[in-house]
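Reviewing the structure listed below.
The structure presented is a predicted model; accordingly, all values stated were derived computationally and were not measured. Sequence positions, counted from 1, serve as the residue numbers for this chain.
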Amino acid sequence: MALRSLRILSACAGVGGIDLGIKLACPGARTVGYIEREVYAAACLVARMEDQVLGHAPIWDDLGTFDGHPWRGVVDCIVAGLPCTPYSTAGKQRGHADERAIWPEFIRVVSEVQPALVFIENVPAFVTRGWFREPGEKLCDLGYQIEDPLFLAAEDVGAPHCRTRVFLLAHRQGK
């Protein structure tokens with residue numbers, strides 16, 4: 001798969017920030033579908049498509065009912081900014097017990113689509129407190145190899161604040 005033709009499914013898409021970042025790194029990358037349940041974020045995605053900042057693609061409003069099977073062979077990479085509130089040190093830190101911990105649905109979609117790449121963004125505690133262990137094991141069971149996490153602060157890329165995030169890349173073995 002050539003990076004210039006990378007076809008992306010963006011789960012928990014938010015306002016499309018991860019998609020824009022990937023497009024900067026791989027200018028030919030194209031998001032072919034978004035999944036976003038928050039009305040405001042979905043409206044921002046539509047607005048960014050209308051002003052041509054993001055490419056036009058359908059938006060689904062529920063990861064839980066999304067059927068990934070038709071996307072197998074169409075999508076090269078699934079990206080996700082999984083909800084961080086269950087894992088954030090600023091919250092109640094309920095982890096997987098929090099109803100907003102929707103990683104099992106995300107893993108289901110990955111298993112249905114079987115993309116070559118999976119790219120996840122979250123708060124550092126998702127990794128440092130061990131909450132990524134179970135989703136990571138599920139990805140490995142599906143045949144993915146997970147690279148070392150990248151911890152990156154907003155200030156590292158010129159932002160005036162120090163909001164740190166962790167980025168995780170998994171690639172399907174043999175792809």
Check for me, please, whether L117 and F167 land in the same ILVMFWY cluster - side-chain distances under 4.5 Å, paths through other members count. yes
Any Lys/Arg nitrogen of D62 or R37 sitting under 4.0 Å from an Asp/Glu carboxylate oxygen of the other? no
In short, G81 meets C12 closest at the heavy-atom pair O-CB, 3.4 Å
Do T164 and L152 make a side-chain contact, defined as non-hydrogen atoms from C-beta onward lying under 4.5 Å apart? no
So, taking the atom named SG in C84 and the one named CD in E121, what distance separates them when rounded to the nearest 0.5 Å? 7.0 Å
Note, V113 side chain near V74 side chain (heavy atom, < 4.5 Å): no
Quick one: are L168 and F119 in side-chain contact, heavy atoms under 4.5 Å? no
Donor-acceptor check, side chain of E155 to backbone of C162, threshold 3.5 angstrom: yes or no? no
Could you check whether W131 and Y87 have their ring centres less than 6.0 Å apart? yes
So OG of S111 and CZ of R72: to nearest 0.5 Å the spacing works out to 8.0 Å
Atom CG of D76 and atom CD of Q114: how far apart are they, to the nearest 0.5 Å? 13.5 Å
Start with the C-alpha gap between V109 and E105, add the side-chain angles, then the distance that decides, and say whether side chain to side chain contact (heavy atoms under 4.5 Å, CB included) holds. CA-CA 6 Å; V109 170; E105 290 300 330; 5.7 Å; no
Same apolar cluster (I L V M F W Y, side chains within < 4.5 Å links), L169/W103: no
Measuring only between side-chain heavy atoms, which start at C-beta, is L9 closer than 4.5 Å to Y34? no
Please output the side-chain donor-acceptor pairs of residues 139-149 that fall under 3.5 Å, not counting sequence neighbours, one pair per line with the distance.
from	atom 1	to	atom 2	distance (Å)
Y144	OH	P115	O	2.6
E147	OE2	H171	NE2	2.7

Do F106 and V118 have side chains that get closer than 4.5 Å, going by heavy atoms? yes
Quick one: CG on L63 to CD on E36, what's the gap to the nearest 0.5 Å? 10.0 Å
Can you give me the closest heavy-atom contact between A42 and I59, atom names plus distance? O-CD1, 3.9 Å
Taking the side chain as every heavy atom from C-beta outward, state whether R165 and R163 have any pair of such atoms under 4.5 Å apart. yes
Side-chain heavy-atom pair F126, P86 within 4.5 angstrom cut-off: no
Decide yes or no for V127 and F151: does some side-chain heavy atom of the first lie under 4.5 Å from some side-chain heavy atom of the second? yes
First locate atom CZ of F66, then atom CZ of R108, and finally report the distance between them rounded to the nearest 0.5 Å. 8.5 Å
Flag yes if I107 and W71 sit in one hydrophobic cluster, no otherwise; membership is Ile, Leu, Val, Met, Phe, Trp, Tyr, and two members link when side-chain heavy atoms are under 4.5 Å apart. yes
Please name the pair of heavy atoms, one in G33 and one in A57, separated by the smallest distance, quoted to 0.1 Å. N-CB, 3.8 Å
Shortest non-hydrogen contact between V123 and V166, atoms and distance: O-CG1, 3.3 Å
Kindly give the heavy-atom pair with the smallest separation between C44 and V15, and that separation in Å. CB-CG1, 3.6 Å
Working to the nearest 0.5 angstrom, can you tell me the gap between S10 OG and I78 CD1? 10.0 Å
Under a 4.5 Å side-chain heavy-atom rule over Ile, Leu, Val, Met, Phe, Trp and Tyr, are V32 and W60 clustered together? yes
So, for I8 and V75, which heavy atoms are closest and what is the spacing to 0.1 Å? C-CG1, 4.4 Å
Using the side chain to side chain donor-acceptor pair (under 3.5 Å) criterion, which residues pair with H69? Sequence neighbours excluded. D67
Pairs touching residues 11-32 that satisfy ring-ring contact (aromatic ring centres under 6.0 Å, His included), sequence neighbours left out: none
same_hphob_cluster(L20, I18) at 4.5 Å side-chain heavy-atom cutoff: no
